[in-house]
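Presented below is the structure to which this report refers.
Chain letters run A, B, ... following the sequence lines, proteins first and then strands; every chain starts at 1.
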Amino acid sequence: MEPWSTYRLDDFLLFSPRVYWRLFEAQNAALWPLHLATMLAGLALVLLILRRPGRAMLWTGLLLAPLWAFVAWSFLLQRYAGINWAMDYAAPAFFLQAVLLLAAAVMPGGPALGRRDAVSRAGLGLAVAGLLPYPALALASGRPLTMAEVFGIAPDPTVLVTIGLLLMARGRWLALLLPIPLLWCLFSGLTLLAMREAQAWPVLAGAGLATVLAALRLAQPASRR
Amino acid sequence: MATAALGTAMLALPPGRALAQPTPLARAIPSSGEMMPAVGLGSWITFNVGNDPALQAECTAVMAAFFAGGGHMIDSSPMYGSSQAVIGRGLAALGRPAALFSAEKVWTSAGSNGPAQIDETRRLWGVERFDLLQVHNLLGWEAHLDTLFAMKAAGRLRYVGITTSEGRRHDLVEQIMARQPLDFVQLSYNPVDREAEQRLLPLAAARGIAVIVNRPFQQGALTRRLEGAPLPAFAGEIGATSWAQLILKFILAEPAVTVAIPATTRVDHVRENLAAASGPLPDRELRGRIAAHLGAL
Ligand SMILES: NC(=O)c1ccc[n+]([C@@H]2O[C@H](COP(=O)([O-])OP(=O)(O)OC[C@H]3O[C@@H](n4cnc5c(N)ncnc54)[C@H](OP(=O)(O)O)[C@@H]3O)[C@@H](O)[C@H]2O)c1
């Protein structure tokens, strides 16, 4: 085979930005006003974690797991797979993540949310950023709000919010729960980069930051995780 | 300076075609003598529009303008996402134009997967058999060429080819061209990517292999770079009214080239591209000036 160095990132891009963003427009048109419910549920989850951390993981899993499965089915398979055959692999990974999130929520010894250290605060920041300002990136990039990406409806904000919330958890589960979201951010960030979208940077930076923070957390002695 | 294209023949106008559109120049496929309009239509990225009905209709309109303008060859690959299905829908909507020359590819590393992939591709296009099947980027080429030559011998395929792009693996392409009874080779060639002139184009001419030129506009990077730059006065000498036409005329003036396959999402561009294949082509000296001018911009 020819060395990989002869390929550029754009060589792997299968579609035009125009076609990509229209996927979100179609998804939003089909699902509105479900967006309001998913965003409110996300915000309620953040409040719950801050106020009543004890039971928060159960609700986090019960909310996030169906949303991951829903995004995989309604967006990755119904829409994105039409222009990107890589979704045949990504969608099962999303379903697996849904199962993992559910398991983490209901299994005894699952992660507990609501830590109050620096990593946790960064996680909270990431989650809130994925919920509120993220949809506005469409406007900032010169796209209409009808093409916005919203938590629970589109993959990137769903994944970023999940990563943020998980960074607020204690226990070893992070090592199991984070790889799929981080890999998605890497894939999606590179796709956005190949499309020369500035939006690639928040996605890649969010994932990079989360990787460092998760590594810090997992490196802590078990008692302090 | 500008000379009319030599050694080329004109296709007869099918009845009902608008007289305003000149018939594109056609070149003979060396292995059969069949005439091929020298501008075809690519489908990488441009036709990968998924299930979006509005964009599918745009692609159908591009195909309609392509056939109306005298085009024949449409090129695609299993690598191009939904492009094959979009072409299939377009062909069905246009009543399966008789002019179609279907150029497809096999793209899978395992030789044993080739036949099933080709069957699926046929289903997506809705065609009985392909005119041309090419081994995409030489992936699994030995096994696939066996399959394709066997299909051709059995009358289930008309032509066999291989593809590369952006100058990759020219050594291996050259070896295969020298040893295998290929009908077609597909490669990248334009005024700023001229590596093929060194060995592959002369070899194609010597061996009687038809040449398909991909990425004439460097996937649009070249035309975008030239946007806004004034067209040099010499473009008028060969009737080129845009950079895209000047580039295509440069490519088509190379005698070893059979057909260039620019991709587009736009009806005006498909017309403009087809129009580049009529009227005079640049001679050797003018080609040198075109390349120098583009290289300097
Ligand atoms: N290894 C391989 O087998 C291989 C590799 C590469 C390509 N290919 C084949 O070759 C085809 C052509 O290559 P390509 O698609 O990579 O690149 P290309 O044809 O060089 O460029 C396509 C781009 O050029 C623009 N364009 C087309 N006509 C134009 C015009 N008249 N004026 C200004 N811009 C124009 C299009 O934009 P608009 O939509 O705005 O017109 C499109 O973005 C492919 O579609 C594919 O079928 C094969």
Problem - Within residues 61-91 of chain A, residues adjacent to chain B where the heavy-atom gap is under 4.5 Å - result: A:Q78, A:G82, A:I83, A:W85
Handout entry: Any residue of residues 142-150 of chain A which, by heavy atoms, sits under 4.5 Å from chain B
Key =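 At a heavy-atom separation under 4.5 Å, chain B is reached by no residue of residues 142-150 of chain A.
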Exercise for the section: Enumerate the residue pairs fulfilling salt bridge (charged side-chain N to carboxylate O under 4.0 Å, His left out) with a member in residues 22-41 of chain A, sequence neighbours excluded, ordered by first and then second residue. Expected result: A:R22-B:D52
Exercise for the section: Quick one: pull up CD in B:E58 and CZ in A:R18 and give me the separation to the nearest 0.5 Å. Expected result: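 CZ of A:R18 is found 4.0 Å from CD of B:E58.
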Fill in the blank from the handout: residues 31-40 of chain A vs side-chain hydrogen bond (donor to acceptor under 3.5 Å, both in side chains), sequence neighbours excluded, gives A:N28-A:H35
Practice task
With a 4.5 Å cut-off on heavy-atom pairs, point out which of B:F47, B:Y80, B:W44 contacts chain A the most.
Solution key: B:W44
Exercise for the section: Using a cut-off of 6.0 Å, state whether more than 12 heavy atoms not belonging to B:R96 lie near its atom CZ. Expected result: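 Atom CZ in B:R96 is crowded, with more than 12 foreign heavy atoms closer than 6.0 Å.
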Practice task
Verify the neighbour count for atom CZ of B:R122: are there more than 12 heavy atoms of other residues, nucleotides or ligands below 6.0 Å?
Solution key: yes
Handout entry: Heavy-atom pair count under 4.5 Å with chain B, highest-scoring of A:L23, A:V19, A:D10
Key =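 Highest number of pairs under 4.5 Å: A:V19.
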Exercise for the section: Determine the minimum heavy-atom distance between A:L14 and B:N48, stating which atoms define it. Expected result: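 Reported closest heavy-atom pair: O-ND2, 3.0 Å.
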Problem - For A:D11 against B:R168, the heavy-atom pair lying closest together - result: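 So the two residues come closest at OD2-NH2, 3.1 Å.
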Exercise for the section: Heavy-atom distances under 4.5 Å only: say whether A:L13 touches chain B with side chain, backbone, both or neither. Expected result: backbone
